[in-house]
Amino acid sequence: MAHIAFIGTGVMGAPMAGHLVAAGHSVVVFNRTRAKAQAWAERCGGSVADTPAQAAQGADAVLACVGNDDDLRQVTLGNDGAFAAMREGAVFADHTTVSAAIARELAEAGAARGLLVVDAPVSGGQAGAEKGALSIMCGGTDAAFAAAEPVMQAYAARIVHVGAAGAGQTTKMVNQICIAGVLGGLSEALRFAQAADLDLDKVLDAVSGGAAQSWQMVNRWPSMAQDSFDFGFAVDWMRKDLGLALDEARRNGSTLAVTALVDQFYAQVQAMGGGRQDTSALVRRIAK
């Protein structure tokens, strides 16, 4: 059993922290909205801290799943941040999707304090978090990854160490670039099938067994056809993630023409009031 602090008990963090309790670990959580942390503790049996530093005191591992770069910097390096309270040799794993730059910044700051830091963004959405079946892509030293992996196994189906600090975040950008392109094609295909007056269920049956098959097709085609978009990962969050990828592309000189176009389409969905709908709402921008 390890003593673990979890910072951020939102739609992803809360079930992840719950799996840690179920795995037998002692878990203390911090959330900016204390009521959410308290509700988690009453449901899962852990305890609640008043600050990230208090949560991190004496912890073997500190995990975070917050909102963006600024949030992450605040809970780690800010006033009452976790890093100053962590013991030497403890591991910090960040599950937030943020920039590669801050991942490298935290790895450097952590190393100066004798901490083992891993950037470990996740894929699988709310359903994956609830099922304990997330895919985690990790950046950091071999020693940091070796320390973090056994803890993360409580809520992961796949954990891959892809490289040095920041590599986990850039790999998550690859993940989001792929999803954006697939949903762009899937949205057009669905509207094309409707315009051709095809039976959408039969079309799905026909094409989902071949080269066009994807997770998005199997899981989102039926709900997209029904104009149902309440399945977790929101358009607002996707735009944040695509913005990170586009920023990184400008830094490394790569071209993301399709991603940039889909990002513009998502801006249109936001303007239509769909910012909190899931990413398959991309189809809304194409008239029936």
Heavy-atom closest pair, residues [X] and [Y]:
{"X": "Cys138", "Y": "Met152", "value": "SG-CE, 3.7 Å"}
{"X": "Ala55", "Y": "Ala5", "value": "O-CB, 3.2 Å"}
{"X": "Ala53", "Y": "Ala85", "value": "O-CB, 3.3 Å"}
{"X": "Val269", "Y": "Ala281", "value": "CG2-O, 3.6 Å"}
{"X": "Ala156", "Y": "Ile136", "value": "CB-CD1, 3.6 Å"}
{"X": "Ala49", "Y": "Phe30", "value": "O-CD1, 3.6 Å"}

Is it true that [X] and [Y] fall in one hydrophobic cluster, defined by side-chain heavy atoms closer than 4.5 Å?
{"X": "Leu198", "Y": "Val207", "answer": "yes"}
{"X": "Ile102", "Y": "Leu116", "answer": "no"}
{"X": "Phe6", "Y": "Leu72", "answer": "no"}
{"X": "Val11", "Y": "Val66", "answer": "no"}
{"X": "Met173", "Y": "Val160", "answer": "no"}

Donor-acceptor pair, [X] side chain versus [Y] backbone, under 3.5 Å?
{"X": "Gln169", "Y": "Val98", "value": "yes"}
{"X": "His19", "Y": "Val21", "value": "no"}
{"X": "Asn219", "Y": "Trp215", "value": "yes"}
{"X": "Asp94", "Y": "Ala120", "value": "no"}
{"X": "Lys240", "Y": "Thr97", "value": "yes"}
{"X": "Thr170", "Y": "Gly166", "value": "yes"}
{"X": "Asp119", "Y": "Gly168", "value": "yes"}
{"X": "Asp69", "Y": "Ser99", "value": "yes"}

Verify the ring-centre separation between Tyr155 and His95: is it less than 6.0 angstrom? yes
Less than 4.0 angstrom from a charged side-chain N to a carboxylate O is my criterion; do [X] and [Y] meet it?
{"X": "Lys202", "Y": "Asp205", "answer": "no"}
{"X": "Arg239", "Y": "Asp236", "answer": "no"}
{"X": "Asp60", "Y": "Arg87", "answer": "yes"}
{"X": "Arg191", "Y": "Glu188", "answer": "no"}
{"X": "Asp50", "Y": "Arg34", "answer": "yes"}
{"X": "Asp71", "Y": "Arg32", "answer": "yes"}

My understanding is that only residues two or more places apart in sequence, or in another chain, count here; which of them pass ring-ring contact (aromatic ring centres under 6.0 Å, His included) with Phe83? Phe92
Which value, rounded to the nearest 0.5 Å, describes the distance between [X] atom [atom1] and [Y] atom [atom2]?
{"X": "Leu282", "Y": "Leu190", "atom1": "CG", "atom2": "CG", "answer": "11.0 Å"}
{"X": "Lys172", "Y": "Ile177", "atom1": "NZ", "atom2": "CD1", "answer": "12.0 Å"}
{"X": "Ser187", "Y": "Arg220", "atom1": "OG", "atom2": "CZ", "answer": "12.5 Å"}
{"X": "Asp278", "Y": "Met238", "atom1": "CG", "atom2": "CE", "answer": "10.5 Å"}
{"X": "Gln216", "Y": "Thr279", "atom1": "CD", "atom2": "OG1", "answer": "5.5 Å"}
{"X": "Ser254", "Y": "Leu256", "atom1": "OG", "atom2": "CG", "answer": "4.5 Å"}

Using the rule given for side chain to side chain donor-acceptor pair (under 3.5 Å), can you reason through Lys36 versus Thr9, listing the C-alpha separation, both sets of side-chain angles and the distance that settles it, and then say yes or no? CA-CA 7 Å; Lys36 288 186 178 180; Thr9 54; over 6 Å; no
Taking the side chain as every heavy atom from C-beta outward, state whether [X] and [Y] have any pair of such atoms under 4.5 Å apart.
{"X": "Ile179", "Y": "Phe233", "result": "no"}
{"X": "Met16", "Y": "Leu134", "result": "yes"}
{"X": "Thr259", "Y": "Leu246", "result": "yes"}
{"X": "Leu261", "Y": "Phe265", "result": "yes"}
{"X": "Phe231", "Y": "Gln126", "result": "no"}
{"X": "Thr96", "Y": "Pro121", "result": "no"}
{"X": "Val182", "Y": "Met217", "result": "no"}
{"X": "Val218", "Y": "Gln213", "result": "yes"}

Can you tell me if [atom1] on [X] sees more than 12 non-hydrogen neighbours from other groups inside 6.0 Å?
{"X": "Asp199", "atom1": "CG", "answer": "yes"}
{"X": "Glu108", "atom1": "CD", "answer": "no"}
{"X": "Asn252", "atom1": "CG", "answer": "yes"}

Looking only at side-chain N and O atoms, does Arg284 offer a donor or acceptor that is under 3.5 Å from a partner on Gln277? yes
Please assess Trp221 against Met224 for the test side-chain contact (heavy atoms from CB on, under 4.5 Å), listing each intermediate value before the final yes or no. CA-CA 5 Å; Trp221 176 284; Met224 290 164 72; 5.5 Å; no
Given side-chain contact (heavy atoms from CB on, under 4.5 Å), test Val62 with Ile4 step by step and report yes or no. CA-CA 6 Å; Val62 178; Ile4 299 172; over 6 Å; no
Evaluate Leu115 against Val91 for side-chain contact (heavy atoms from CB on, under 4.5 Å), listing each step before the verdict. CA-CA 6 Å; Leu115 307 179; Val91 62; over 6 Å; no
Stepwise side-chain contact (heavy atoms from CB on, under 4.5 Å) check, Val262 with Leu183: CA-CA 9 Å; Val262 173; Leu183 280 171; over 6 Å; no
